[in-house]
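It should be emphasised that the depicted structure is a prediction, and the values quoted were computed from it without experimental measurement.
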Amino acid sequence: MAFTPQYGGYSPASAATSAAVVDAGLRAYMLRVYNWMASGLVLTGFVAYAIANTGLIELFYHTVRTPHGIAHQATPLALIAMFAPLAFVLVLSLGVNRLSTFAVQALFWAFCVAMGASLTNIFLIYMSDSIVRVFFITAATFAGMSIWGYTTKSDLSRMGSFLMMGLFGIIIAGLVNMFLQSSALQFVMSIVGVVVFTGLTAYDTQRIKADYIQYAYAEGTEGAAKRSVYDALSLYLNFINLFTLLLQLLGQRDE
């Protein structure tokens with residue numbers, strides 16, 4: 001690296017080379033994050049579809065007749081599956097500095113399996129072609145917002161604060177609606193949720209990019225390997241939540 005006092009110590013050519021190295025490393029890191037996220041989504045979809053279309057569904061939901069028609073009653077295993085992903089997220093979040101790379105990766109795969117089991121009921125509620133259509137709408141929306149978050153020069157950190165407030169508001173409203181069972185409130189929550197998770201997709205993408213540039217994770221290190229899984233988990237959760245909310249708004253129910 002050429003030392004030149006007139007440029008504050010290092011030549012512009014050397015600075016450009018360093019920037020190119022960081023940029024190449026960033027692209028490789030983001031590709032790894034997206035690969036983890038996409039692989040997790042594939043596993044989740046496979047598990048959900050496999051359970052819904054085999055005899056395993058009887059372990060999660062019992063078909064019962066009601067005065068209003070056929071209904072699917074959740075079993076204790078289905079309730080466990082619904083809350084299991086939250087437990088995995090807590091373990092991963094609290095153990096970020098304690099878990100080994102292998103443990104983090106294993107927990108990520110286990111989390112994706114648990115999420116797949118918890119999403120099995122969408123195949124009981126919505127038409128299959130409707131699920132596929134909403135999935136592609138979600139993928140297009142996610143890709144557009146993630147690209148924007150990666151390329152924009154605007155600082156999205158302030159937007160992130162409002163989005164997190166919106167997220168907590170949705171969680172509180174969801175807990176309240178467990179008792180109210182209001183379809184109007186659920187509709188409003190779905191719309192607000194779509195806005196929140198669409199924005200969080202752009203925000204998290206920019207945050208991941210900024211963190212890489214700030215901390216410069218060295219390729220091949222344990223820190224980079226673990227960090228890529230955690231970052232993939234953030235994007236994965238945005239995608240899943242956006243998908244389920246859009247499904248509530250746009251999905252065609254199976255009568």
Side-chain angles (χ1 to χ4, degrees), residues 30 33-34 36-38 40-41 44 82-94 96 108 111-112 114-115 118-119 121-122 125-126 131 133-212 214 227 229-251:
M30 292 300 297
V33 170
Y34 286 124
W36 272 107
M37 186 202 78
L41 289 174
T44 296
M82 291 177 188
F83 291 100
L86 177 60
F88 280 108
V89 170
L90 290 175
V91 171
L92 282 166
S93 300
L94 297 176
V96 60
F108 177 79
F111 166 79
C112 293
M115 183 63 76
S118 71
L119 291 176
N121 65 325
I122 67 173
I125 300 173
Y126 300 97
I131 295 174
R133 182 173 63 253
V134 173
F135 176 85
F136 281 110
I137 293 173
T138 304
T141 304
F142 179 92
M145 293 305 296
S146 191
I147 291 172
W148 179 67
Y150 186 87
T151 58
T152 184
K153 302 299 182 183
S154 302
D155 183 5
L156 303 181
S157 58
R158 294 182 63 183
M159 182 180 77
S161 301
F162 287 105
L163 292 172
M164 291 305 297
M165 291 173 59
L167 177 59
F168 285 119
I170 293 172
I171 294 173
I172 294 173
L175 293 174
V176 172
N177 204 37
M178 290 177 63
F179 301 97
L180 296 180
Q181 295 294 312
S182 169
S183 58
L185 179 57
Q186 182 62 48
F187 180 75
V188 172
M189 287 167 51
S190 297
I191 294 178
V192 174
V194 167
V195 174
V196 167
F197 286 105
T198 299
L200 281 175
T201 297
Y203 167 76
D204 280 331
T205 301
Q206 186 180 80
R207 175 188 56 78
I208 293 169
K209 176 183 178 181
D211 285 349
Y212 180 90
Q214 178 179 357
R227 193 73 250 173
V229 177
Y230 282 105
D231 289 336
L233 178 63
S234 298
L235 295 179
Y236 171 99
L237 289 172
N238 290 339
F239 188 102
I240 289 293
N241 282 291
L242 183 59
F243 169 69
T244 55
L245 290 166
L246 284 174
L247 196 58
Q248 292 174 15
L249 293 173
L250 305 176

What is the distance from atom [atom1] of [X] to atom [atom2] of [Y], rounded to the nearest 0.5 Å?
X: Q186; Y: I191; atom1: CD; atom2: CD1; result: 11.0 Å
X: T205; Y: M30; atom1: OG1; atom2: CE; result: 5.5 Å
X: T141; Y: N238; atom1: OG1; atom2: CG; result: 12.5 Å
X: L237; Y: F197; atom1: CG; atom2: CZ; result: 8.0 Å
X: Y212; Y: R227; atom1: OH; atom2: CZ; result: 14.0 Å

Heavy atoms, side chains only, cut-off 4.5 Å: are [X] and [Y] in contact?
X: M164; Y: L200; result: yes
X: I208; Y: L235; result: yes
X: I240; Y: L119; result: yes
X: V176; Y: L180; result: yes
X: Y126; Y: Q248; result: yes
X: T44; Y: F111; result: no

**OP:** Identify, with sequence neighbours excluded, every residue that meets salt bridge (charged side-chain N to carboxylate O under 4.0 Å, His left out) alongside R207.
**Re:**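 Partners of R207 by the salt bridge (charged side-chain N to carboxylate O under 4.0 Å, His left out) criterion, ordered by chain and then number, come out as D204, D211, D231.
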Subject >> Test side chain to side chain contact (heavy atoms under 4.5 Å, CB included) applied to L246 and L242, step by step >> reply: CA-CA 6 Å; L246 284 174; L242 183 59; 4.0 Å; yes
For the backbone of [Y] and the side chain of [X], can you confirm whether one donor and one acceptor N or O come within less than 3.5 Å of each other?
X: Y203; Y: S161; value: no
X: S146; Y: A143; value: no
X: N177; Y: A173; value: no

Original post:
Does Q206 have any side chain to side chain donor-acceptor pair (under 3.5 Å) partners at least two apart in sequence or in another chain, and if so, which?
Top reply: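 Side chain to side chain donor-acceptor pair (under 3.5 Å) check on Q206 returns nothing, list empty.
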Original post:
Do you know the tightest heavy-atom contact between G40 and C112?
Top reply: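 Taking G40 first and C112 second, the nearest heavy atoms are CA-SG, 3.5 Å.
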**OP:** Might you point out which heavy atoms bring L249 and V194 nearest each other, and give the distance in Å?
**Re:** CD1-CG2, 3.8 Å
Original post:
Among pairs that include at least one residue of residues 134-159, which meet ring-ring contact (aromatic ring centres under 6.0 Å, His included), considering only residues two or more places apart or in two chains?
Top reply: F135-F239, F142-F239
Subject >> side-chain contact (heavy atoms from CB on, under 4.5 Å), paired with F243, selected from L41, I131, I137 >> reply: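 Going through L41, I131, I137 one by one, the side-chain contact (heavy atoms from CB on, under 4.5 Å) with F243 is satisfied by I131 alone.
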